[in-house]
Structure formats: C-alpha cells, structure tokens
Student: 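Sharing a structure, written as structure tokens. Questions coming.
In what follows, chains are A, B, ... by sequence order, proteins preceding strands, each numbered from 1. Computed from a prediction, not measured in an experiment: that's the story for all the values here.
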2 protein chains.
Amino acid sequence: MKQNTTKYAILGLLTIEPLSGYDIKKMIKNSLAYFWSESNGQLYPTLNQLTKDNWIVLLDNAATSKKPSNCYAITDLGRQELQKWMRREEEKSVHRDENLLKLFFGSNISKEETILRLKKRKLKLIENLKKYREIANKLEKESHSSQSIYWILTANYGISSARAAISWYQKSILILEKAKI
Amino acid sequence: MKQNTTKYAILGLLTIEPLSGYDIKKMIKNSLAYFWSESNGQLYPTLNQLTKDNWIVLLDNAATSKKPSNCYAITDLGRQELQKWMRREEEKSVHRDENLLKLFFGSNISKEETILRLKKRKLKLIENLKKYREIANKLEKESHSSQSIYWILTANYGISSARAAISWYQKSILILEKAKI
DNA sequence: CAGTGCATGTAACAAGTTACATGATTCC
DNA sequence: GGAATCATGTAACTTGTTACATGCACTG
C-alpha cells in the first residue's frame with residue numbers, strides 16, 4: 001500500500017497552528033530540514049487535495065489581510081486521520097544513501113579522490129551539526145508547550161546522528177590514508 | 001537535473017563481477033541492505049536500458065547453462081559513466097524520515113503510545129546492528145581484494161550509525177518516561 | 001526603482017513501488 | 001508431488017522533482 005507522507009507532514013504541522021503553504025515551507029526549512037523536505041510541486045496540490053477531502057479547511061481571512069496568503073486549519077476529520085497514521089507501524093524505511101553507495105564502489109576511482117570526497121562531506125556535516133545545535137538551543141529556551149519535548153528530542157536525534165557520522169568520517173579518512181592501495 | 005541512481009548501483013555491482021538480475025537483487029539484500037534497495041520493477045527495465053545504451057552487455061552463456069539466467073557484464077563505456085558519476089558531487093541527499101516525523105508530532109497521541117513505538121524501533125535497530133556486525137565480520141575475514149577496504153568502511157558506517165541511534169532511543173525513552181505530560 | 005522576500009501555483013517529467021504473471025529447478 | 005527458491009519480467013500506479021510563471025510588498 002502506498003501512502004502519501006506529504007499529507008501527514010502537512011496535517012501534523014497544522015496541529016500546531018493554522019498555516020499558509022508558504023508558512024509550511026518555511027517551518028520545514030527552519031525546523032525539520034534535517035529529517036524532512038517538501039517541494040512546491042508536491043505541497044500546493046496536496047493542500048488542495050486535503051481541502052477537497054475535508055481534512056483541512058481554508059480559513060476566510062480575506063477580511064483581515066490583503067495578502068494572497070491562504071491560511072489552512074486542520075479539521076476534526078484531519079486530526080483523526082493524522083492519529084490513524086501516527087499509530088500505524090509500517091517500518092518500511094527505504095534506505096538509499098548515495099554517498100555510501102559511492103564509497104562502496106570506491107575502488108573504481110583513486111583513493112585520494114575518495115578521501116577528498118569524505119573530507120568535504122565531513123565539513124558539511126560539521127556545519128549541519130552547528131545548525132542542529134542552534135535549533136536545539138532555541139527550542140530549549142522557548143520550551144513552553146507540551147509539544148516542545150518532542151521537538152527537542154528530534155533535534156537531539158539530528159545532533160547525535162551527525163556526531164556519530166562525523167566521527168565515522170574521521171576514522172575512515174585515517175584508515176584510508178594509512179592503507180596501501 | 002534528475003539522475004537514475006539505480007543505473008549506477010547496477011554498474012557498480014557489475015564492476016565486481018558479471019551478474020544476473022537475480023544476483024544483483026541478492027547482493028543488495030545481503031550486503032547493501034542497510035543503505036540501498038531496489039525493486040524488481042526498477043531493476044529489470046534498467047538492465048534493458050543499460051544494455052541498449054551499451055553500458056553493459058548480456059553475456060552469451062547459453063552454451064554453458066540451460067538456466068534462464070541473464071548474466072551481464074559492464075562495458076568500457078559503462079566504466080567511464082560510473083566514474084563520471086562517482087566524481088560528481090551533488091550532495092542532494094533528500095532526508096525523509098517518517099519515524100522522526102511521527103515523533104515530532106508526538107503530542108497528537110499519548111506519551112505511552114510514543115514510548116511503545118520507540119521501544120519497538122529500538123529493538124529493531126538492535127537486531128539490525130547484529131546483522132551489520134555479521135556482515136562486517138564476514139568482510140574482515142574474507143578481506144583479500146583492494147575493494148574490501150571500502151566494503152568494510154561502509155559496514156562500519158552501518159554499525160556506528162545504528163549504535164548512535166540505539167543510544168539516542170534509550171535516552172529519549174528515559175526522558176519521556178520521566179516527563180510529566 | 002531594483003532587489004529581495006513573500007506567496008501561490010502548474011506542466012512535464014522522472015523515479016520508484018506494488019502486485020501480478022510466468023515458468024523452471026531443487027529439495028524434502 | 002508439493003514447497004521453496006530460482007529467475008525474469010510488466011502494467012498500473014503513486015510519488016516526487018524540476019523548472020518555470022506570476023505578481024505583490026517592502027526596503028534601501
């Protein structure tokens with residue numbers, strides 16, 4: 001069975017507060033970036049589909065603002081569907097990590113090229129780690145609602161997985177540098 | 001620009017030795033499972049496409065065997081294309097982790113339900129870790145070719161990322177259990 | 001008055017899964 | 001002779017990205 005996860009990402013965000021498509025994009029970019037992404041071509045059509053299905057409604061804010069900002073809110077039906085999804089266990093986690101695939105096939109290019117690639121990736125991860133730390137700090141400070149504990153936990157996941165990856169890269173670079181190939 | 005990564009996964013595996021579609025499926029399942037997957041509906045059409053493009057060739061093994069096993073080998077052109085891909089840096093790594101998404105939206109179901117989910121995931125990861133260790137051990141023992149260093153490194157990645165995830169799950173479960181929500 | 005950010009959207013395409021079909025061979 | 005596994009494949013479908021188009025509002 002296929003399931004449109006975009007639908008549930010949107011629904012979940014709308015449980016926090018009513019949002020426009022643009023708001024959703026921003027939230028994903030600012031807070032979920034390290035474990036979620038959406039493209040425009042998926043986001044806007046899905047918003048329309050969810051409206052048709054009555055899982056969300058377009059708030060009538062024409063009076064309060066002149067901006068072309070379509071603000072959506074989740075409906076009771078939407079909440080029910082979100083909870084159904086939350087309780088489903090599918091585990092189908094499809095892993096496709098192109099970086100590891102390239103490393104696995106490393107013998108097809110020179111050792112030095114691979115080492116350079118690994119170093120670049122490592123730097124990128126260090127940068128990411130910094131961002132995740134900032135997100136986590138911000139969340140800890142602003143912590144007030146019952147939701148924030150979950151946000152902090154996911155932020156910590158980003159931090160600890162980035163840390164583990166960085167130290168693996170470090171080790172791997174050393175191993176390759178020492179290796180006689 | 002979109003790129004068909006399946007193509008390169010196939011090419012890479014064929015640099016090890018000539019393989020049939022079924023062999024490729026098995027290798028992915030046995031050795032790459034924790035960072036790569038392919039479905040039948042993607043694999044077989046891609047094999048045909050690669051043959052048309054002359055990146056791989058169907059070996060004529062009709063004489064040596066009566067099995068309907070189509071054995072493919074990579075061509076020089078295929079090797080070149082693989083190397084081009086290996087040297088490309090795209091970084092586009094699209095993260096979409098449904099488990100984290102569900103945790104992020106945790107406040108929509110009871111704390112206890114979330115804890116149960118986390119515990120199940122943790123058990124699953126412990127199981128996976130065991131498998132990765134077996135793969136790594138096997139690789140270390142059979143280590144002979146210049147390729148095996150790369151295989152061992154990727155296996156280690158699986159191990160260290162699983163370990164980091166497990167300890168994060170452990171911590172998160174404790175934090176949630178203590179939390180008053 | 002140009003540049004940046006706000007804000008929404010679509011058409012064309014690529015990528016990938018699912019569920020099925022088919023038949024041979026091997027092992028118990 | 002039945003089950004499992006070997007082995008290849010396709011049709012229908014979903015999911016997702018890319019690249020574009022449009023226009024307003026604010027700021028320096």
Side-chain angles (χ1 to χ4, degrees), chain A residues 1-10 13 18-30 32-33 35-53 56 58-59 61-62 64-72 85 90-98 101, chain B residues 1-10 13 18-30 32-33 35-53 56 58-59 61-62 64-72 85 90-98 101:
Chain A
M1 217 239 320
K2 294 189 188 183
Q3 57 170 326
N4 187 340
T5 43
T6 296
K7 289 199 296 195
Y8 300 104
I10 293 173
L13 288 174
L19 297 164
S20 68
Y22 198 77
D23 292 335
I24 290 171
K25 269 175 64 180
K26 264 193 304 181
M27 283 191 78
I28 290 175
K29 205 183 157 195
N30 296 334
L32 317 189
F35 68 89
W36 207 256
S37 65
E38 290 295 349
S39 64
N40 271 13
Q42 191 77 348
L43 179 56
Y44 287 101
T46 305
L47 281 171
N48 286 325
Q49 186 55 49
L50 289 174
T51 307
K52 266 186 210 158
D53 293 345
I56 63 177
L58 180 58
L59 297 182
N61 64 339
T64 57
S65 162
K66 274 183 183 176
K67 281 189 204 170
S69 174
N70 295 341
C71 203
Y72 296 91
W85 171 75
E90 310 243 356
E91 299 286 345
K92 64 162 188 154
S93 69
V94 179
H95 280 177
R96 295 188 117 222
D97 187 322
E98 222 173 295
L101 194 65
Chain B
M1 219 241 318
K2 294 189 189 182
Q3 56 170 325
N4 186 339
T5 43
T6 297
K7 289 199 296 194
Y8 300 104
I10 293 173
L13 288 174
L19 297 165
S20 67
Y22 198 78
D23 292 335
I24 290 171
K25 269 174 65 182
K26 264 194 305 181
M27 283 192 78
I28 290 174
K29 207 183 157 196
N30 296 335
L32 316 189
F35 68 89
W36 207 257
S37 64
E38 291 293 349
S39 63
N40 270 13
Q42 191 78 350
L43 179 57
Y44 287 102
T46 304
L47 281 171
N48 286 326
Q49 187 54 50
L50 289 175
T51 306
K52 267 187 210 158
D53 293 344
I56 64 176
L58 180 56
L59 297 182
N61 65 339
T64 57
S65 164
K66 276 183 181 176
K67 281 189 205 170
S69 174
N70 295 341
C71 204
Y72 296 92
W85 171 75
E90 310 243 355
E91 299 285 348
K92 64 162 190 154
S93 68
V94 179
H95 280 178
R96 294 188 117 221
D97 187 323
E98 223 174 295
L101 194 64

Student: So which nucleotide from D:dT5, C:dG9, D:dG16 ends up closest to the side chain of A:Y72?
Tutor: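 Comparing D:dT5, C:dG9, D:dG16 against the side chain of A:Y72, the answer is C:dG9.
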Student: Under a 4.5 Å cut-off applied to non-hydrogen side-chain atoms, are A:T6 and B:R96 in contact?
Tutor: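 In short, these two side chains touch, coming nearer than 4.5 Å.
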Student: Atom CH2 of A:W36 to atom C1' of D:dT17: distance rounded to whole Å?
Tutor: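 Those two atoms, CH2 and C1', are 15 Å apart.
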Student: Does a side-chain heavy-atom distance below 4.5 Å link A:I28 with A:L13?
Tutor: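 Yes; the side chains approach each other to less than 4.5 Å.
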Student: Using atom NZ of A:K7 as one end and atom P of D:dT14 as the other, report the distance to the nearest whole Å.
Tutor: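 After rounding, the gap between these two atoms is 11 Å.
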Student: Evaluate the side-chain proximity of A:M27 to A:W36: yes if any heavy-atom separation is below 4.5 Å, no if none is.
Tutor: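 Counting from C-beta outward, A:W36 and A:M27 never come under 4.5 Å.
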Student: State whether A:S37 places a side-chain N or O below 4.0 Å from either non-bridging phosphate oxygen (OP1 or OP2) of D:dG16.
Tutor: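 For D:dG16, OP1/OP2 do not have a side-chain N/O of A:S37 under 4.0 Å.
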Student: Take atom CG of A:N70 and atom C1' of D:dT22, then tell me their distance rounded to the nearest Å.
Tutor: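 It works out to 15 Å between those atoms.
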Student: Please list, in numerical order, the residues of residues 38-50 of chain A that have a heavy atom closer than 4.0 Å to any atom of DNA chain D.
Tutor: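 By residue number: A:S39, A:G41, A:Q42.
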Student: Indicate whether OP1 or OP2 belonging to C:dA15 is found under 4.0 Å from a side-chain N or O atom of A:R96.
Tutor: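 So the side-chain polar atoms of A:R96 never come under 4.0 Å of the phosphate oxygens OP1 or OP2 of C:dA15.
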Student: Can you name the residues that form a side chain to side chain contact (heavy atoms under 4.5 Å, CB included) with A:P18, not counting sequence neighbours?
Tutor: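 So A:P18 forms a side chain to side chain contact (heavy atoms under 4.5 Å, CB included) with A:L59, A:C71, A:A73.
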Student: Rounding to an integer number of Å, can you tell me how far B:I24 CD1 sits from D:dC6 P?
Tutor: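 To the nearest whole Å, that distance equals 15 Å.
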Student: Whole Å only: how far is the CG atom of A:N4 from the C1' atom of D:dC13?
Tutor: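 Atom CG in A:N4 sits about 13 Å away from atom C1' in D:dC13.
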Student: Apply side chain to side chain contact (heavy atoms under 4.5 Å, CB included) to A:N48 and list each qualifying residue two or more places apart in sequence or on a separate chain.
Tutor: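 Expected list: A:Y72.
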Student: Is any side-chain N or O of B:T5 closer than 4.0 Å to OP1 or OP2 of C:dA15?
Tutor: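 B:T5 to C:dA15 OP1/OP2: no side-chain N or O under 4.0 Å.
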Student: Would you mind reading off the bend of the helix from C:dC1-D:dG28 to C:dC28-D:dG1 from its two end axes, five pairs each, to 10 degrees?
Tutor: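 End axes: 30° apart.
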Student: Starting from C1' on D:dG16, measure out to CD on B:E98 and report it in whole angstrom.
Tutor: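 For the pair B:E98 CD and D:dG16 C1', the rounded distance is 14 Å.
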Student: Suppose we screen for side chain to side chain contact (heavy atoms under 4.5 Å, CB included). Which residues come up paired with A:N30, at least two apart in sequence or across chains?
Tutor: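 A:N30: side chain to side chain contact (heavy atoms under 4.5 Å, CB included) contacts with A:K26.
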Student: Tell me the interatomic distance from A:I28, atom CD1, to C:dA7, atom C1', rounded to whole angstroms.
Tutor: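 Nearest whole value for this atom pair: 15 Å.
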Student: What integer distance in Å separates A:K25:NZ from C:dG5:P?
Tutor: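 To the nearest whole Å, that distance equals 13 Å.
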Student: Does any non-hydrogen side-chain atom of A:L101 lie less than 4.5 Å from one of B:L32?
Tutor: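 Answer yes - side chains close enough.
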Student: Would you indicate whether the side-chain heavy atoms of B:N70 and B:L47 approach each other to under 4.5 Å?
Tutor: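 Contact flag for B:L47/B:N70 side chains = no.
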Student: By side-chain hydrogen bond (donor to acceptor under 3.5 Å, both in side chains), which residues pair with A:Q42, not counting sequence neighbours?
Tutor: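 In terms of side-chain hydrogen bond (donor to acceptor under 3.5 Å, both in side chains), with neighbours along the sequence ignored, A:Q42 is linked to no residue.
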